[in-house]
Amino acid sequence: MTAPRAPKGTYDLLPDEAAARDAVVAVAARVFAAFGYRRVVTPEFEETGLFARGVGEATDIVRKEMYTFEDKGGRSLTLRPEGTAPICRAYLEHGLHKWPQPVKLWYYCPMFRYERPQAGRYREHYQLGAEAIGSAESMVDAEVILLLAQLFAELGVGGLRLAVNSMGDPACRPAYVARLREHLRGREAELCGDCRERLELNPLRTFDCKVESCRAVLDDAPHLVDHLCGDCREHFDRVLALLRRAGLEPELDPRLVRGLDYYTRTTFEFSSDRLGAQSGVGGGGRYDGLIEQLGGPSTPGVGWGAGLERIGLAMGETDAAAAAPQVYVVSFAGDEREAAFALAQRLRAAGVRTELDLAARSPKGQLKQAGRSGAAWAVLLGLDDLAAGAVRLRRLDGGGEEDVALEAAVERLARLAGEAS
RNA sequence: GUGGAGGUAGCUCAGUCGGUAGAGCUCCAGGUUGUGGCCCUGGCGGUCGCGGGUUCGAAUCCCGUCCUUCACCCCA
């Protein structure tokens, strides 16, 4: 079997599926606009160092999931594995700190991660995302979360729950991490091998572990939310209050430690019970240290990403009906085919959705296609009983015919099609 | 990287105890010396994922391999 296939973890969207995708993105564009977010487009690949520095050397993404390659000039480049670092890079590169803050942006683009595919997980997947950069106000955290909630509501994404947590900031996290590490060291014998590594690299990640014995240790572990500094505590409480006031019911989840190193303070994740094991449909958080980490001035930011494939799964399949042609041009005589072709072009130029046979079908075959295409009208050329220079318009949905001069057909059909729509 | 399940026509699948491959849908044509969706008939379409082994004979049994899929890790 040498026939080429789509690479592992990638997929094609055939027209019906692409139309469904377009419909989702169109809803998103409208919701983003309502919240004052404007779309940005960044490159599909970046310098590898952007992700290594921005996302964190210790993360799975950087350690084992990046599509990294060297170009012919010897540069190390990486296909974008996540959306936030590139946008922060663009914010810095173009001096967006001079715009009114916060700068509110959204994106829709593919992400690339080398992982084993499974339900709702791909090596190339599409994300919709929002970033609000330049304000540390708790209201911004609440706004981006409410934006995502409204998007899900308008799309009909169901079975949702919202988990939130706070990761603290440089004032309180180091002390907490030390405390956690101490707790884990005390019971290291009960931890799995992975967690013993995490203990050294990043103890917070042990909260992700599902191994029974580790969970027992972590159930007794101190939680970061209980050890936040005053500023972080106040920020978190305000975010929660704003969300509740807006009608959301955020569930505190001390275990919600997302796998990207740049998060500070608020983290959140929407999950849906309509998905498989990969139940997260959208999530994000605040990243007040990221831009500084990239070499810029200290600049706060908050945002999220949401997977289009998972949104599709959680919405249920919605079949987007193709826009049927309004007119189908049929030629009954072989020497009328060019006239039919010309007529179709004139109809299209007049804004009428028009199809005609491009496969040399018999007249019967053409009518069959016309019927199946969903067109409301067929234009018949080349019938023996037609007057010279005339064509016949036939209603396909109820019957009924009228003959008109070829020259008048475009105007007549444009009018009929306009009435029908 | 690890584990489970599965690869037969473009799609969805059947194929008995090993005997040399079928159905439905789609597509095309005819039924209707030129008027459609339904219906009827016919046609197109398969190295049974690939390689090796057992056998007189393999889609079927064995081994390997690739791919798909679900799950772990982690994320969208």
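Protein chains get the first letters and strands the later ones, always in sequence-line order, with residue 1 at the start of each. Computed from a prediction, not measured in an experiment: that's the story for all the values here.
- Screening A/His94, A/Glu47, A/Glu46 for a side-chain hydrogen bond (donor to acceptor under 3.5 Å, both in side chains) involving A/Arg89 leaves a single residue, A/Glu46.
- At a threshold of 4.0 angstrom between heavy atoms, the contacts of A/Arg123 with the nucleic acid are absent.
- A/Glu143 and A/Tyr37 form a side-chain donor-acceptor contact under 3.5 Å, judged by distance and modelled atom types alone.
- Atom CD in A/Gln278 sits about 9 Å away from atom C1' in B/C72, given to the nearest Å.
- The side-chain hydrogen bond (donor to acceptor under 3.5 Å, both in side chains) test with A/Glu309 is passed by exactly one of A/Tyr126, A/Tyr11, A/Tyr122: A/Tyr11.
- Residue-level contact check: A/Ile61 touches neither bases nor backbone, having no heavy atom under 4.0 Å from any strand.
- As the counterpart of B/G6, B/C67 is assigned, both hydrogen-bonding distances of the Watson-Crick or G-U wobble pattern falling under 3.5 Å.
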CA sep, side-chain torsions, deciding dist, call: A/Tyr287, A/Gln293, side chain to side chain donor-acceptor pair (under 3.5 Å):
CA-CA 10 Å; A/Tyr287 44 87; A/Gln293 181 72 31; over 6 Å; no

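- Among the atoms of the strands shown, only primed sugar atoms or phosphate atoms (P, OP1, OP2) are found under 4.0 Å from some heavy atom of A/Gly276.
- A/Lys364 places its NZ atom 11 Å from the C1' atom of B/G34, with the value rounded to the nearest Å.
- The C1' atoms of B/G22 and B/A59 are separated by 12 Å, rounded to the nearest whole Å.
- Rounded to the nearest Å, the gap between the P atom of B/U8 and that of B/U69 is 14 Å.
- Heavy atoms of A/Leu383 sit under 4.0 angstrom from at least one base atom.
- Evaluated for a side-chain contact (heavy atoms from CB on, under 4.5 Å) with A/Leu381, the options A/Leu356, A/Asp335, A/Val330, A/Leu343 yield exactly one hit, A/Leu343.
- Annotated as syn: B/G34, whose O4'-C1'-N torsion sits within 90° of 0.
- Nucleotide B/G42 has B/C28 as its partner under the Watson-Crick or G-U criteria, with both atom distances under 3.5 Å.
- At the heavy-atom level, A/Ala119 lies under 4.0 Å from the strands shown only through sugar-phosphate atoms.
- One can place CZ of A/Phe332 at 6 Å from P of B/U35, the figure rounded to the nearest angstrom.
- Residue A/Gln369 places at least one side-chain N or O closer than 4.0 Å to OP1 or OP2 of B/C28.
- In this structure, the side chains of A/Ile311 and A/Phe152 come closer than 4.5 Å at one or more pairs of heavy atoms.
- Atom P of nucleotide B/G7 and atom NZ of A/Lys8 are separated by 17 Å, given to the nearest angstrom.
- B/G1 and B/C72 make up a base pair, with Watson-Crick or G-U wobble contacts both under 3.5 Å.
- Look at the P atom in both B/A23 and B/U65: the space between them is 37 Å, to the nearest Å.
- Distances shorter than 4.0 Å separate some side-chain N or O of A/Gln118 from OP1 or OP2 on B/C72.
- Close to B/C28, at under 4.0 Å from its OP1 or OP2, lies a side-chain N or O of A/Arg361.
- Here, B/G10 and B/U26 have their C1' atoms 8 Å apart, quoted to the whole Å.
- Rounded to the nearest Å, the gap between the P atom of B/C13 and that of B/G19 is 24 Å.
- Ring geometry for A/Phe207 versus A/His223: interplanar angle of 30 to 60°, hence tilted.
- As rounded to whole Å, 11 Å separates atom P of B/U35 from atom CG of A/Asp384.
- Residue contacts shown for A/Tyr126 are absent, as no nucleic acid heavy atom lies under 4.0 Å away.
- Of the residues near RNA chain B, A/Gly374 and A/Lys64, the one whose nearest nucleotide (by heavy atom distance) lies more toward the 5' end is A/Gly374.
- Base pairing annotation: B/G37 forms no Watson-Crick or G-U wobble pair, as no partner gives both donor-acceptor distances under 3.5 Å.
- Distance, A/Asp12 CG to B/U68 P: 13 Å, rounded to whole Å.
- Note on A/Glu115: a base of the nucleic acid sits closer than 4.0 angstrom, heavy atoms only.
- Proximity of A/Ser362 to the phosphate of B/G30: a side-chain N or O atom is located under 4.0 Å from OP1 or OP2.
- Contact of A/Arg5 with B/U68 (side chain to base): no donor-acceptor pair of N or O atoms is detected under 3.5 Å.
- For the pair A/Gly280 and A/Ala6, nearest-nucleotide mapping onto RNA chain B gives the more 5' position to A/Ala6.
- The partner of B/U60, taking Watson-Crick or G-U wobble pairs whose two distances both stay under 3.5 Å, does not exist in any strand shown.
- Heavy atoms of A/Ser373 sit nowhere under 4.0 angstrom from any nucleic acid atom.
- For the P atom pair drawn from B/G7 and B/C11, the interatomic distance equals 15 Å after rounding to whole Å.
- Both distances falling under 3.5 Å, in either a Watson-Crick or a G-U wobble arrangement, occur for no nucleotide opposite B/A21.
- Atom CZ of A/Phe268 and atom CG of A/Leu243 lie 9.0 Å apart (nearest 0.5 Å).
- Nucleotides B/G53 and B/G46, compared at atom C1', are 24 Å apart to the nearest Å.
- B/G1 and B/C17 have their P atoms separated by 38 Å, given to the nearest Å.
- A donor-acceptor contact under 3.5 Å is not formed by the side chain of A/Arg372 with the base of B/G36.
- Here B/U2 presents its P atom at 7 Å from CZ of A/Arg116, a figure rounded to the nearest Å.
- Rounded to whole Å, atom C1' of B/G37 lies 18 Å from atom CH2 of A/Trp377.
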